[in-house]
Amino acid sequence: MTTIAVIPGDGIGPEVIGPALDVLDALRLEVRTDVLDHVNAETYLRTGTPLTEADIDRIRSSEVALLGAVGDPRLSDTAYVRGILTTLRLELDLYVNYRPARLWHDRLSPLRDPDRRAIDCVIVRENTEGLYSGIGGGTRTGTPQEIAIDVDLSTRQGVSRVLEFAFSVARRSVCLVDKANAVRNGGQLWQRCWSEAVAGNPHVETSHLYVDTAALRLATDPTAFDVIVTNNSYGDILSDLTAALAGGLGVAASANLNPVTGQGLFEPVHGSAPDIAGTGTANPLGAILSVALLVEHLGRTEEADAVRRAVAATVATDRVTPDLGGSLSTEEVGAAVLMELRRP
Ligand code: ATP
């Protein structure tokens, strides 16, 4: 039986994971959940350890994991969030961050031109290297001569494998986004790996854009894109843009994957949203759509499609939380999705 490690986390994390687990239950799959509800900011504030070896072992021994959100306004440095998210990405070598953006209803997009609303693209973000590699340091800290360095790491293995994954999920095209004209060394490595990947996939349409142009194109016509593959930091930024174009952070889902080992960590793109935590208004659709990605990863495509159809029907009939212009609560939206899912 497949085990799913569940980390509800902080803020709205546990609030959106509740309805997401209800949807998972309703699918009646042969899975068991292992809930790590002690992994949160409270524990970190008490013990100083974001994730123990035992926690990592429990997550590693599960086939997949589902995470709500981690983060807390009392913690101003990044040690806690990095201690969970970056640790898991590196420990499990989840080198792909897969972030689909699909417009569930025309009404949700800020782009009003009806011909330009068929948004259905994916950001494939390199997830273990780049500017977030954690390599760097500082000197003369606090003085006027202070210097800080963060290394933008690219390895041939890291770049080739994420490009390979991007081509494996392409339906129409793959667009490489970088800034090779300004970030020369890493840029040239990406370009060399890209030429090899393009040559190996002659039937896939390909293009290349610098990240500034890509942001402009996404904001003017996102329908032009299928798969965008890019580095860690550009993927982080562009996937918030695609999320906004498809209705906002509340509906954006993501998967952190290692396609070789099959391990995956699934989570909504949003964080712990302390401003709305406890109000009962957090949108659970990002977490529910993360469950759709999770069950699809387990080979249950039909169930994943059923969850997506239920979400689309819920949005189409305006049963949504305030971030999407509705007045329903987290629980009511969760119940509406369940009702749609159970509809014969
Ligand atoms: P963290 O520090 O954990 O990343 P954050 O508040 O900085 O948290 P997010 O949680 O990603 O960043 O969200 C930014 C804002 O978007 C939130 O403050 C909230 O207003 C809104 N938001 C995010 N997720 C949701 C959601 N599921 N439903 C409704 N609004 C949301």
Side-chain angles (χ1 to χ4, degrees), residues 7-23 39-45 50-51 66-89 97 99-102 104-105 107-110 123 125 127 132 232-233 235-254 256 265-293 311 314-315 318-337:
I7 306 166
D10 306 298
I12 64 169
E15 298 169 30
V16 297
I17 284 297
L21 288 180
D22 290 343
V23 165
V39 175
N40 55 33
E42 279 312 321
T43 306
Y44 177 72
L45 283 164
L51 212 51
L66 178 67
L67 182 136
V70 289
D72 190 289
R74 289 171 293 177
L75 296 165
S76 54
D77 70 3
T78 57
Y80 166 62
V81 171
R82 282 183 63 84
I84 294 179
L85 295 182
T86 311
T87 302
L88 287 177
R89 282 173 198 161
N97 190 212
R99 296 189 157 184
R102 179 155 155 198
W104 297 100
H105 195 277
R107 181 171 56 73
L108 301 187
S109 179
I123 304 272
R125 164 186 170 192
N127 212 22
Y132 304 168
N232 209 336
S233 47
D236 188 11
I237 298 162
L238 292 181
S239 60
D240 263 31
L241 174 55
T242 50
L245 296 173
L249 281 179
V251 285
S254 81
N256 302 274
L265 171 74
F266 299 79
E267 54 173 334
V269 172
H270 63 74
S272 60
D275 57 330
I276 57 162
T279 63
T281 60
N283 188 343
L285 296 182
I288 289 171
L289 290 167
S290 299
V291 165
L293 286 175
V311 166
T314 308
V315 175
D318 236 346
R319 286 169 291 168
V320 291
T321 42
D323 58 308
L324 299 186
S327 57
L328 296 199
S329 67
T330 310
E331 270 181 29
E332 287 167 333
V333 172
V337 175

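For ligands, and for the atoms within them, numbers begin at 1 and follow the listed sequence.
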Item to complete: List for me each residue that meets salt bridge (Lys or Arg N to Asp or Glu O under 4.0 Å) alongside Arg319, sequence neighbours excluded, and say none if there are none.
Response: Glu340
Discussion item. Restricting to non-hydrogen atoms, name the atom on Gly286 and the atom on Ala253 that form the minimum distance, rounded to 0.1 Å.
Written reply: O-CB, 3.6 Å
Fill in: Heavy-atom pair of closest approach, residues Gly71 and Ser272
O-OG, 3.2 Å
Worksheet entry | Side-chain donor-acceptor contact under 3.5 Å, Thr43 with Asn40 | yes
Worksheet item: What residues come within 4.0 Å of ligand 1, counting heavy atoms only?
Response: Ile12, Val70, Gly71, Leu249, Gly250, His270, Gly271, Ser272, Ala273, Pro274, Asp275, Ile276, Ala282, Asn283, Asp323
Item to complete: Kindly write out the residues that satisfy ring-ring contact (aromatic ring centres under 6.0 Å, His included) with Tyr44, not counting sequence neighbours, or none if the list is empty.
Response: Tyr80
Discussion item. Show every salt bridge (charged side-chain N to carboxylate O under 4.0 Å, His left out) that has at least one partner inside residues 265-289, sequence neighbours left out.
Written reply: Arg89-Glu267
